[in-house]
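Below is one structure, written out as structure tokens; comments come after it.
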Amino acid sequence: MSTTVATVVPTRSTARRRRVRLPGGVALALLLVFVFLSVAGPWIWGHAAGDTNVVDANQAASAEHWLGTDDLGRDLFARTLYATRSSLVLAVLATVVGGVVGVALGLLSGASHRLGKVLGAVINLLMAFPALLLSIFFAVLFGIGSVGSVLAVGASFAPGFARITQTLTASAVSRDYVEAARVLGKGPVTVVLRHVLPNIAEPVILYTTIHIGTAILALSGLSFLGLGVQPPAYDWGRLLSDGLTRVYITPTAAVGPAVAIVLAGLTFNMAGEHLADLVGGRRTAPRTAVAAEAQRPSTGDDVDPSANADAAGPAVAAVAPETDAAGEALLEVRHLRVVYPGPDGGVVTPVRDVSFSIAPGETVGIVGESGSGKSMATSAVAQLVEAPGAVHAEVLRFDDVDLTRRTAEDERVLGRSMAMIFQDPGEALNPAVKVGTHLVEPAVVHLHQDKALARRRALDALRAVAVNDPERRFDQHQHELSGGTKQRVCIAIGLMGEPRLLVADEPTTALDVTVQRQILRLVAEVRADTGASVLFISHDIAVVSEISDRILVMYAGFVVEEATTDELLARPAHPYTGLLLAASPDMDADRTQPLPMLDGRMPGPGVDLPGCYFAERCPRAEQDCRDARPPLLQIGAPGHRAACWHPLADGSSTTYPGAAGLVDERAAS
Ligand SMILES: Nc1ncnc2c1ncn2[C@@H]1O[C@H](COP(=O)(O)OP(=O)(O)OP(=O)(O)O)[C@@H](O)[C@H]1O
């Protein structure tokens, strides 16, 4: 793969990138010169910069004094070089002050929804003022002098740092691996330090480098105005201020420090940009490699072929365990609602009424089109709905834990017995953390196992999910894995606790078809091996039916139908289920006929209707459907329930062409 990347023929765009990098290279060289001057300058030019000689006072530029002398006869060229140290050190200090304060504020506001609103408003207000104006204001506030000016410039930078950190943090905390860390019971401080900060560090450091250049300009400006460095100390701004008083007599007295300020400012800005460019380039390399790896045939070197021999073969036949969902349910959900504040003081209700239970060892699938509330209902079960969202339920029980009133101990139990598999495994794994650390952590945190034992178990877990060369994978980061392997690693992480419920939210959607099959098989195998129950979410009824014992069909936040998989496929009662089945093509479908389309749109979570939410799109709807909402009632076989006033009487096969093939395919498998 790296060969492919290395032998790419230069294109116009790569040539253009090289041209852009040339000044960056110069900037890096200049940066080294400035660093050298600030370290060695005072030693080399210390005497010339400090020795007074009134006989030579106020001289113009000459071979002996390149920039002339000041009113005490001191060499201005030496003084300009000498001032490099104070100018740069103060600029770095000011940037660090701004960075520390801003990053702290940004982390707070990005990680906390409520605090974020208040801090965000303050940040926005401060960002509205030009940085130099803020610096002057803060300089007066903090006091005239070096310390005051450093604090002032730092304070004027803090809003910018806070803004970028807030944005990066808000994006980082919505990642699945942060949610997974919360499920593991990690506190907010650990989550921020371990999972957020490492992943936002790179852009923040680059932003810092660029800002050192701006700090040089700002501090020089304050010194020039007499608010910064005070005599006898001096920096470039002070030299410029002194030189300007004699600009008509010895103009070079002002030129030297002015050139130094502009050059140093530009150098740090350009060096920062160049570093960003380099980092960007470095980042794309592994991504290219992953893309190439992901495109390989799915039985590639990262999957143990012996463990999934017929991965491309027939789909998983879900082996239904003996269950009694109504009796000893592992998970019981009754009348679950999830509510968010809506516009104009109203509310939106992504989950309106969801009731179901899962027996030990049972796999229940939830299917429905995008926006039907599948993920939100699952998040409520996994306790991942965050403020301002509110979860209400008559019953929300997992094993013996009442999830509506859970204690800290309950959280720990949940952390080890409920495992999440997310849609995008790349989002679920922290890019800054090695695969092995992801695996070892649940065992150390929840089972209090020592690291050696946890490592052995982690390697076993990787073998169990058919990742080959587990020792090597253990020390790799997520960007070195293909999509399928990442998902296997996520499943292995779930195995490191004592999983009793595996919650898989569209775990195959981001994967190619062959890998989807492997992951479905793997989930079924894990269930068979561990006896864990599975809650499996997908918008694809064909995928759900391959793995589930029972299926719930969701629409607009409601469960509109529930039945065993065979019953649902053979005799769908709700017209929406019938349409979902009909829209799912199979090998026997008549290719000359278009697939049935579902016209119209699902009512959003802010819509409140008295009747059936599907009525506007339903071919069987009558006035009574619009007037009153149908309850979820037993229909046909035991456990088959549907919420419809005019259910399909004889199954989808006669009403919706196309569904019959799906039923036959499943029967054959
Ligand atoms: N934080 C939120 N605040 C308010 N509404 C939200 C929020 N997150 C999601 N929603 C809304 O909740 C509804 C259900 O979303 P959900 O993600 O559960 O749907 P889904 O069926 O899982 O769809 P998909 O397959 O696209 O994920 C959607 O209308 C969505 O816009």
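Every number for a ligand or one of its atoms is a count from 1 in the order of the listing.
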Below 4.0 Å from any atom of ligand 1, is there a heavy atom belonging to [X]?
X: M554; answer: no
X: E386; answer: no
X: P605; answer: yes
X: S372; answer: yes

Quick one: look up the protein heavy atom nearest [atom] and list residue, atom name and how far away it is.
atom: atom 23 (O) of ligand 1; result: G371 N, 2.8 Å
atom: atom 27 (O) of ligand 1; result: S375 OG, 3.6 Å
atom: atom 9 (C) of ligand 1; result: M376 CE, 3.2 Å
atom: atom 12 (O) of ligand 1; result: P350 CB, 3.0 Å
atom: atom 4 (C) of ligand 1; result: Y340 CG, 3.6 Å

Open item on the list: Please report whether ligand 1 has a polar contact with A377, defined as an N or O pair separated by less than 3.5 Å (distance criterion only).
Closed with: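 It does not: no N or O of A377 is found under 3.5 Å from an N or O of ligand 1.
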Looking only at the side chains, is there a donor atom on one of [X] and [Y] sitting less than 3.5 Å from an acceptor on the other?
X: T485; Y: S482; answer: yes
X: R527; Y: T363; answer: yes
X: T378; Y: D505; answer: no
X: E561; Y: H640; answer: yes
X: R617; Y: Y555; answer: yes
X: S538; Y: D540; answer: no
X: H539; Y: E369; answer: no

TODO: Report the C-alpha separation of N430 and H477 in whole Å, then their side-chain angles, then the decisive distance to 0.1 Å, and conclude whether the side-chain hydrogen bond (donor to acceptor under 3.5 Å, both in side chains) test is met.
DONE: CA-CA 8 Å; N430 185 339; H477 289 86; over 6 Å; no
Open item on the list: Under 4.0 Å from atom 30 (C) of ligand 1, is there at least one protein heavy atom?
Closed with: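 Looking at atom 30 (C) of ligand 1, one finds that no protein heavy atom lies closer than 4.0 Å.
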Open item on the list: Please work out, at 4.0 Å between heavy atoms, whether the side chain, the backbone, both, or neither of S370 comes within that distance of ligand 1.
Closed with: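 The part of S370 near ligand 1 is both the backbone and the side chain.
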Task: Within reach of ligand 1, part of E506 (heavy-atom separation under 4.0 Å) - done: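 Within the 4.0 Å criterion, E506 contacts ligand 1 through side-chain atoms alone.
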Open item on the list: Rounded at 0.5 Å granularity, tell me how far CG in L502 sits from OG1 in T530.
Closed with: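 Nearest 0.5 Å value for the CG-OG1 distance: 7.0 Å.
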TODO: Please could you name the atoms of ligand 1 that E369 approaches to less than 4.0 Å, counting only its heavy atoms?
DONE: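 What qualifies from ligand 1 is 21 (O).
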